[in-house]
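Single-structure report; data block below.
Read the numbers this way: they start at 1 and go in the same order the structure lists the ligands and their atoms. Just so it is clear, the model here is predicted, and its values are computed rather than measured.
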Amino acid sequence: MCGIIGIIGDKPVTQRLLGGLKRLEYRGYDSAGIAVIETDATGAKLSRRRAEGKIHNLEERLKQSPVDGILGIAHTRWATHGQANETNAHPHFAGRVAVVHNGIIENFMALRAELQEKREFVTQTDTEVVAHLIDDAMKSGLSAQEAFTKTLKRLEGAFAICVIIDGIDEHLFVARRGSPLAIGIGEGENFVGSDAIALNTLSNDIIYLEEGDWAVLKTDNIQIFNADDKPVTRETVRVSGSMAAAEKGNYRHFMLKEINEQAETVSHTLTHYVDAFHMRVKSPEQLQVPELDFSAVQRLSLMACGTAFYAASVAKYWFEQLAKLPVDLDIASELRYRQPVLAKDTLALAVSQSGETADTLAALRHCQKLGLKTAALINVSTSTMARIVDFSLPLNAGPEIGVASTKAFTSQLTALLALAISAGVQRGHISPKAEHELVTALTQVPRQITQALALEPQIEELALELSKSRNAFYLGRGVHYPLAMEGALKLKEISYIQAEGYAAGELKHGPIALIEEGIPVIGIAPLDALFDKTISNLEEVATRGAKILLITDAQGAKKAENLKGERLICPPTHLHTAPIIYAIPIQLLAYHTAIHLGTDVDQPRNLAKSVTVE
Ligand code: F6R
């Protein structure tokens, strides 16, 4: 999660770009840079200053070697591809083009290979290829705008981009796919930033670009186009000076904002755990936990509460299948009372968004008393759990405000899958080829999340039906069984519908007695080895009058065409990453059901964001 800001105007931009970067520093701070079109007696030219480390270092660099202009872009980086050094810091230049970028260009290696013969690459970043593609297209005779749009069509992944071009000081090009971008409207100047916080003090009139949009900013006008290059008008929202309001952007609730942020938050988590340049998981040294050695561990004890417990439950499958590491799984509030037999070569791993949940803390402390090494996967890096464990593993999903956990869940899954791959590599069960394939699948997740988010209008309609029921079932098998429980939990906590998540094969052992005419049953079943079995279980309830909603992929929908009921079609995914992507429709379904019912989505009754009592 990097931060971007750009200004096109009639006044010097450098100090204001720096101010924006400081407000964006929470998004990443391992290097920063600024590029402007500098005008002096000799004419206009593209100049940049970059520095490793925090924004403060860039500020010092600018004091020693000032640069200014009336058009500029700036970036604060959280490294994804390539080390955090000055060479890899944005903006990246190629010929006349300067680019800042947030997100991941998935196909950058293929694009780079294509250009390698005629272009010199000086960084290890995925971003540099964007600058080369635009410059190359301009050299072949296209206008700057044509070169920009042609390049956008070649890029795969989830990203936000800003571009300025030497010799063209009246245009700032921007595009959004997967990562957010907000335009600020000024007088005689216009702005762009990763969010409204970046634009605070510059503009209160904000246009949030929609998925696939791109735009050309001039000093006196803004032209926005959709993914099909058709001119579009997007609503202007007036934000108050208050950060909290700005943070919610033009979303009605924090929960909806957090659901929509997930392509980006998952990218941020991925950045920490995988080296997307070499398509490998990062080593314990790179993760700054050099002593975390899964090959020395005989057993893993996973503990967590609520949504984090369901993430841990999915991870049990991954650690056992990919790393052949036996896993104990406990609801944290039960662990110490169960008095588990835990040998010293067991690693205790807690999963928690807040890092403050009393039950999870107590379970961890119990394991410490038994002499085990402890680790915690947490979102709040300053939390108690982070301080007391041997290995603190960050989620980097950013603050989660909505009480119902959404983006922390997908980041937990992402980090846990990366750790399971790591364990598989360390324990000799994953070959370099298999590691490459799994990490490639992980880097595709942000884009697939963006595709799954596009199901929202259809989900809104389906949710209207669901909101008329007092009960519902979620069914799944394998890794989709915990996901079924998470789907049911989301429905319960924000829509107050009594929902149960079941292993699809277990229903016939009792709960099927509850199936009656019209009861909603939601099946989670991508086309995998367990697909046919889940469909048979859904047939069993369909014949008893249940209303089926099948969440699957296109191939699954085709194979199950005889099953009565509705479909939600997710993008095709890798077998192991599927639960991360299938989390999106279940979150949106709960959200829109709650909206139809008029409940308080961000602060549902009886709940608290962090449960610090036993
Ligand atoms: C559900 C939810 C809760 C939390 C649980 C654990 O949407 O948010 O079930 O997941 O209270 O909280 P953390 O992860 O902070 O330990």
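If you check the side chains of K490 and T307, you find a donor sitting under 3.5 Å from an acceptor. A side-chain N or O of D293 and one of S295 form a donor-acceptor pair less than 3.5 Å apart. Judged purely by distance below 3.5 Å, without hydrogens or angles, the side chains of T406 and Q587 never pair a donor atom with an acceptor atom. Checked by atom type, the side-chain pair T384/E356 shows a donor-acceptor distance below 3.5 Å. Side-chain contact of N260 with E211: a donor-acceptor pair under 3.5 Å is absent, judged by distance alone.
Near A308, the atoms of ligand 1 lying under 4.0 angstrom from a non-hydrogen atom of the residue are 10 (O), 14 (O). Residue-ligand proximity, Q353 to ligand 1, at heavy-atom distances under 4.0 Å covers atoms 13 (P), 14 (O), 15 (O), 16 (O). Close approach to A404 involves these atoms of ligand 1, each under 4.0 Å from a residue heavy atom: 7 (O). Every atom of ligand 1 is numbered from 1 in the order shown, and the set under 4.0 Å from a heavy atom of V403 is 8 (O). Atoms of ligand 1 found under 4.0 Å from any heavy atom of S354, numbered from 1 in the order shown, are 13 (P), 15 (O), 16 (O).
On a distance-only criterion, K490 and ligand 1 share at least one N/O pair closer than 3.5 Å. Among the atoms of L489, none of the N or O lies under 3.5 angstrom from an N or O of ligand 1.
Minimum interatomic distance between A375 and L364 (heavy atoms only, all atoms of both residues): O-CD2, 4.0 Å.
For E493, every heavy-atom contact with ligand 1 shorter than 4.0 Å involves the side chain, none the backbone.
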